[in-house]
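One structure below.
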There are 2 protein chains.
Amino acid sequence: MATMVDVARIAGVSISTVSHVLNGTRNVEPKTRSRVLKAIEQTGYRQDTLARAMRRSKSDSIGLVVSDAGEPAFAEMVHGVEQEAAARGLTLLLANSAEDPERERRAVRTLLERRVDGLILACAAAATPSLLTDLQDEKTPVVLLDRLYRDLPFDQVGADNRDSMRALVRHLAAQGHRELLVIAGDVRVPALEERLDGFFDGVRDAQLDAGGQHIIQGTDRARIGDAIRVALADGNATAIIACSTPLAVAGLRALEDAGSEIPGDIAFATFDGFDNPDLFRPRLTTVRQPAFDMGVAAVRLLMERLDAPDSSPRTVRLHQDLQLRESTEGFGFPA
Amino acid sequence: MATMVDVARIAGVSISTVSHVLNGTRNVEPKTRSRVLKAIEQTGYRQDTLARAMRRSKSDSIGLVVSDAGEPAFAEMVHGVEQEAAARGLTLLLANSAEDPERERRAVRTLLERRVDGLILACAAAATPSLLTDLQDEKTPVVLLDRLYRDLPFDQVGADNRDSMRALVRHLAAQGHRELLVIAGDVRVPALEERLDGFFDGVRDAQLDAGGQHIIQGTDRARIGDAIRVALADGNATAIIACSTPLAVAGLRALEDAGSEIPGDIAFATFDGFDNPDLFRPRLTTVRQPAFDMGVAAVRLLMERLDAPDSSPRTVRLHQDLQLRESTEGFGFPA
DNA sequence: CTGTTAGCGCCTTCAG
DNA sequence: CTGAAGGCGCTAACAG
């Protein structure tokens, strides 16, 4: 591998001149410059980003740690982050914690050791509490993505979970539903907690009986299935809301096992949802997270933070779309 | 940020001793060792991976360039690569070419400049031909993923596209289908070329009339739609095969526009397919790519190549599952 | 407009 | 069992 020294020797200039033509960091006479360029061509010289990063203590790279690369929403966020990073000449270092706090800790540490310029973090549900507080003392800026922590002074980007859920509940109530079943998931995840809060906002707005609603917490599939069976047997709940894609999968499977039809037997809505929602039946009413844009926004926040390290932390909420489809439109209320 | 010098000073040892306890690269007296460890604790010292990489000229990182992060199959491959890389203590640098040869070139260059230990590459359909030949001269090992180039001496991992398609065609023929429509896509993509080849293998096996089959090439949605409409109007084709997820989307939309039912009016099968294929209707017969495992296999190949730089290149083909579902089971042939 | 030089933080011979 | 010292490839003062 050719180095700057080789280029300099061949071009008959000093290595600092080579550096300056490479980086455009000071004027160099056209003639000299072209000699250098030719030498670069000739040697096939390529800059060593590592050495450069070390010297400048700036790596032009960012790290992204996601908590579950399996969920489509996260895959989309990764995509958005990659896109925006590339557009700004940043290399993306990707890690997946798989909802494991220990892996998460290791991933963060590894990325910090690699001297990334900034870190984007979608924390695991059971994230080690000290992780984020430790990160506050770090000079490497951090942006929290999707998994937000209201009380911590980080830049954050998420969706308007609470408002979207509220709107969804109001919509269902307006159609006549009075008793709903919410598959809430792991409410330690801030986004899921917010969605549950929004549910009760909506219940209040629509003056439904708060005590009469069915809330299923946790992610255990069997338990979700049981709870749905019970609720269906009682026969009072007329609509189900799943608070994430995996929760929707659990719910849909349970309904299938029970032989219940959507929306004939029960209405169904989900957050995040599935790809190509109009191609397959049932067409599910979905609150859609702008996951790609959230990734883009996270990178922007990070770069702005680098420019202004001392400005106060900002939380950006992106609007979620409420896409109404057949799964909540055909339920037959008794006259 | 504390450096090894700080640690050495506090522990009252030389910096080389610090290095050796850090890397376990030579024996050091337990007492000394624990002094060093304490000093590390105390200073919050963290290794600078960049400096280390520069010195060892080995970065413990690998680069992955995918051609379309949007396709679910690629998202899964990324996931598999990440998983296996992390398990081996490698950091993953991710780039997306978005099927743009220019972006692809830049991505490869960037990753090379970052001194990745190896590169995994799912080439764009229209990849610059010189890209791969240039890469052959590089000492950085390269593994081709999914987008294979039979004639080039790289390690490669793909799926058994040809055989799977052949099996699918035979299955359809056994059911009575004699005239098929293939949405073949961009056959510059090797996997798609292989699938098309496999189609003709199957046609031959089943002794169908090769001239009577409908092949739609390209990715233009409108053209695919037109071709399907024409084929339906003629009324001879009884089954459609989509050779990738986006192609399936195009096909399904066209059928929907035409008001055709699957499988009543026409049978439908797809490669790669959709998530949760049993939850939504129509349940599509799918040739499923083991995308995650392909990612894993690519990392393994890469590491083995690093251990044995001169062994001959290997191509690994992973088996694809033919998942039969309703979309090909209910077509009513006239008696 | 160009060259010289001192490190960035680390690993690794080579001596002791 | 431990220390001293050189240098990986590059940037950025500082001098001319």
Side-chain angles (χ1 to χ4, degrees), chain A residues 1-40 43-61 91 109-117 139-140, chain B residues 1-37 39-40 43-61 91 109-110 112-117 139-140:
Chain A
M1 198 67 237
T3 111
M4 278 178 42
V5 179
D6 303 317
V7 175
R9 190 167 28 73
I10 293 188
V13 300
S14 82
I15 113 174
S16 80
T17 299
V18 177
S19 172
H20 283 120
V21 330
L22 239 34
N23 300 307
T25 174
R26 81 179 175 197
N27 274 349
V28 11
E29 202 178 356
K31 234 171 36 191
T32 322
R33 154 189 222 70
S34 73
R35 279 219 314 287
V36 171
L37 260 16
K38 187 142 50 78
I40 288 179
T43 54
Y45 168 80
R46 227 179 298 139
Q47 208 163 16
D48 184 330
T49 313
L50 260 42
R52 178 183 159 92
M54 168 159 151
R55 187 54 235 257
R56 305 194 321 156
S57 45
K58 185 159 176 319
S59 63
D60 293 324
S61 69
T91 300
R109 189 186 167 95
T110 301
L111 294 176
L112 253 22
E113 286 177 353
R114 296 226 175 237
R115 299 289 186 268
V116 290
D117 293 341
K139 72 275 110 228
T140 307
Chain B
M1 198 66 236
T3 109
M4 277 178 42
V5 179
D6 304 314
V7 175
R9 191 167 25 72
I10 292 187
V13 299
S14 81
I15 122 174
S16 80
T17 299
V18 176
S19 170
H20 284 120
V21 329
L22 238 36
N23 301 307
T25 175
R26 84 179 173 195
N27 275 349
V28 13
E29 205 179 354
K31 237 173 32 193
T32 321
R33 159 190 218 70
S34 72
R35 279 220 314 286
V36 171
L37 260 16
I40 289 179
T43 53
Y45 167 80
R46 229 179 297 137
Q47 208 164 18
D48 184 329
T49 313
L50 259 44
R52 179 184 157 90
M54 168 159 154
R55 185 55 234 260
R56 304 193 324 157
S57 45
K58 183 160 178 318
S59 64
D60 294 323
S61 69
T91 301
R109 190 185 166 96
T110 301
L112 253 22
E113 285 178 352
R114 295 224 175 238
R115 297 287 186 267
V116 291
D117 294 341
K139 73 273 108 234
T140 307

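The basis for the numbers below is simple: all heavy atoms, side chains too, and nothing from hydrogens, waters or symmetry mates. Chain letters run A, B, ... following the sequence lines, proteins first, then strands; residues in each count from 1.
A/M1 places its CE atom 10 Å from the P atom of D/dG9, with the value rounded to the nearest Å. For B/K58 and C/dC10, the NZ to P distance is 18 Å, given to the nearest whole Å. In this structure, the CE atom of A/M54 is 8 Å from the P atom of C/dC10, given to the nearest Å. Rounded to an integer number of Å, the gap from B/R35 CZ to D/dT2 C1' is 11 Å. As rounded to whole Å, 13 Å separates atom P of D/dC10 from atom CZ of A/R9.
No contact: A/V5 has no heavy atom under 4.0 Å from any strand. Among the protein residues, A/T32 comes within range of the sugar-phosphate backbone only, with heavy atoms under 4.0 Å from sugar or phosphate atoms but none that close to a base.
Judged by distance alone, the side chains of A/R114 and B/T91 do bring a donor and an acceptor atom under 3.5 Å apart.
A/I10 is linked by a side chain to side chain contact (heavy atoms under 4.5 Å, CB included) to A/A39, A/Q42, A/T43, counting only residues two or more places apart in sequence or in another chain.
With A/R35 contributing its side chain and A/A11 its backbone, the two residues share a donor-acceptor pair below 3.5 Å. A donor-acceptor pair is defined here as one N or O able to donate and one able to accept, closer than 3.5 Å; such a pair exists between the side chain of B/S34 and the backbone of B/K31.
Taking all atoms of both residues into account, the shortest heavy-atom contact from B/D6 to B/M1 is OD2-O, 4.3 Å.
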Practice problem: Going 5' to 3' through nucleotides 11-16 of chain D, assign each nucleotide B (protein heavy atom under 4.0 Å from a base atom), S (under 4.0 Å only from sugar-phosphate atoms) or - (no protein heavy atom that close). | Solution: BB-B--

